[in-house]
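Ligands are counted one by one from 1 in listed order, and the atoms in each one are counted from 1 as well. Computed from a predicted structure; not experimentally measured.
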Amino acid sequence: MKFSDLTIYFEELEATSSRIELTNILSDLLKKLSPEEIDKVAYLLQGRVVPFYEPIEIGMADKMVDQAIASACNVSRENVQKLSAKLGDMGLVVEQLSGGKKGSKLTISDVHEGLYKIANTSGEGSVGKKINVLAGLLKELDAKSAKHLVKITLSKLRLGIGDPTVLDALSVAKEGDKSARPVLEEAYNKTSDLGFVAKKYWSAASAQDALKAVKKVELQVGKPVRPALAERLPDAESVVKRMGEEFAVEPKYDGFRNQVHLDRRQKADSGKQVQIFSRNLENMTHMFPDLVEAVKKEVNAKSTIFEGEAIAFNPVTEEFLPFQETTKRRRKYSVEEFAAKLPLKLFAFDLLYLNGNDITNLSYKERRKKLSQIISSEGQIMVAKEEILHSSQELTKMFEEQIASGLEGVMIKKLDAPYKAGNRGFHWVKFKRMAAGELSDTIDCVLLGIYTGTGKRTGFGVGGLLVGVYNQEKDEFVTVSRIGTGLTDDEFRKVNQIAQKIKVDKKPARVSSLINPSYWVEPKEVLEIFADEITRSPVHTAGKIGDEPGYALRFPRLVSFRGADKRAEDATTVSELINMYKRQRKVKV
Ligand code: AMP
């Protein structure tokens, strides 16, 4: 397919805010693609050239792109800059300057190849080379195509399409309905690579074989697995009821989740022998040189994928440090300095892959046994403590002990459960401190919009935040609270920095709201919020059905920025919120 034909679809998608329509337009597009193109389009739709977890960024700055536009359109750089100041958008600049130009035969693959080259060029002279490649592509393209290409290179493409919509559209394109979505989703959960899954689905001869090929997809070292997530239950008795007569209980360490991939066949200096992914599936390997070395030395396996919680400790007192300290290790700069200052321990709690085999279908009991065969109980990497318990009394006792030793609570695990990538379920239950009558668990909200401030706040650029939770069934974000207090000056400034990067000029397609902030942002940033109570409110769309009121947070305040820890889709869901609301009422009555 020609790139210019792809951008006709981009235009349509950009102008659409109904999810059903988005899916239909997208499936029309996908139907026309060959197996060689489908993966590339899956990445381009997200403004990328490779899966999101690969640290290959196109990342060109305005001041490089303006040179490429000047050269492609035969105008001076000053003129490009003047026009950019007037239009405020480099995409519109190139569109105007290319007006009337006829498109060439550049295909999606040609453009993808160019972008890939741009993303992979580094070192001396790379700026000039990147500009030349971009200028070469722009010269060949019509106005609309040039606009979208420039947006991609500046990471400003905003089609408002989430992964679930792409999965639906793949199914609709091939089967005529959404019936293949669960199978596609499972393969996606195991690999996090939309392009890879789409290509598998597109490469088989018949529709039946296609689905079979997707069903066979297994974990691969180097492709991060979408993590299994925990459910909540209100008390020890409900846990025992759910889990049966025997269950595993582990401390809930309050650090950050790491998914470690080890493949000893890869060269030690290739950066691929050990890779570490965040819960959000970002590649964090470069942040933890100490853990990388520890994995090489301490883990007794040829190849493996395991998960654990990293937590900083004070090497003198051997005490664990609070989350606010641990999280300082997630940084781009001064990595070595902080590795020495805040050493980490990694508590491994699950094994997903071992020596060439995907073992997610084994029971937790068996996975755990294998985990303790490859990781010992001392060293920088240790297996998480575990006790097999049988009653609510035993559970309460262990819970109290963990709280007394400064931990967050416990995780309870079903012994016969497989590992369900990307799923929240009762195979894992998190059990945190619950005080009677009040909401003591925090809520992970997604930043949806910003109210610009008045008075002193104007200086921060932010006077208030509009935040929401996730509606899983509809794949949309719904509002739950406006937050105007409970943030320090520094936190307001940080929110402003974040919001400026993800600001958009209209309400994103996946946001449902009855109120309008001063400006909207892409639903990306997760904030941990503490509130006194969940109340009903006609203003918010969380859990709102028809004329019934929705749910809202009373006296919300910011606890932490979850940063790389959570994706927007991992925020608290509407059904969790409603459960928390019911639980809170039950205790009160
Ligand atoms: P939450 O982030 O509150 O949903 O709690 C689940 C998180 O607890 C996981 O994603 C892990 O990062 C963390 N965690 C801490 N200790 C454990 C453990 N022993 N087993 C599983 N997860 C744990």
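Partner of Y470 under the side-chain hydrogen bond (donor to acceptor under 3.5 Å, both in side chains) criterion, chosen from T572, D570, D475: D475. Partner of L354 under the side chain to side chain contact (heavy atoms under 4.5 Å, CB included) criterion, chosen from L351, L352, N357: L351.
The R279 neighbourhood of ligand 1 comprises atoms 2 (O), 10 (O), with distances under 4.0 Å to a heavy atom of that residue. When each atom of ligand 1 is checked for a heavy atom of K430 under 4.0 Å away, the hits are 1 (P), 3 (O), 4 (O), 5 (O). Interface atoms of ligand 1 facing K566, defined by a heavy-atom separation under 4.0 Å, are 2 (O), 4 (O). Taking every heavy atom of K413 and a limit of under 4.0 angstrom, the matching atoms of ligand 1 come to 18 (C), 20 (N), 21 (C).
Looking at residues two or more places apart in sequence or on another chain, you find no side chain to side chain donor-acceptor pair (under 3.5 Å) involving R279.
In this structure, atom 19 (N) of ligand 1 lies nearest to the protein heavy atom E250 OE1, 2.9 Å. Summary of contacts: the protein heavy atom closest to atom 10 (O) of ligand 1 is R257 NH1, 2.8 Å. Counting protein heavy atoms only, atom 13 (C) of ligand 1 is closest to E309 OE1, 3.2 Å. Of the protein's non-hydrogen atoms, Y253 N, 3.1 Å is the one closest to atom 16 (N) of ligand 1. Of all protein heavy atoms, the one closest to atom 23 (C) of ligand 1 is F349 CE2, 3.7 Å. For atom 17 (C) of ligand 1, the nearest non-hydrogen atom of the protein is M411 CG, 3.7 Å.
T285 and N283 share a side-chain donor-acceptor pair at under 3.5 Å. For the residue pair E54/Y43, the side-chain donor-acceptor check at 3.5 Å is not satisfied.
In this structure, F256 has no heavy atom closer than 4.0 Å to ligand 1. Using a non-hydrogen distance threshold of 4.0 Å, G255 does not register as a contact of ligand 1. Note on ligand 1: E307 sits outside its first shell, no heavy atom being nearer than 4.0 Å.
Below 30°, between 30° and 60°, or above 60°: for F347 and Y253 the angle between ring planes is below 30°, a parallel geometry.
Residue contacts with ligand 1 for P227 are absent, since no atom lies close enough (heavy atoms, distance under 4.0 Å). Of all the heavy atoms of F347, none lies under 4.0 Å from any atom of ligand 1, so neither backbone nor side chain is involved.
Closest heavy-atom approach to atom 7 (C) of ligand 1 among the candidates K252, R562, E231: K252.
Cation-pi geometry between R330 and F256 is met: the NZ or CZ atom falls under 6.0 Å from the ring centre, inside 45° of the normal. For the pair R536 and Y551, the cation-pi test (distance below 6.0 Å, angle within 45°) is passed.
Here K215 contributes atom NZ and L184 contributes atom CG; the two are 10.5 Å apart, rounded to the nearest 0.5 Å.
Nearest heavy atoms, M243 versus F426: CE-O, 3.1 Å.
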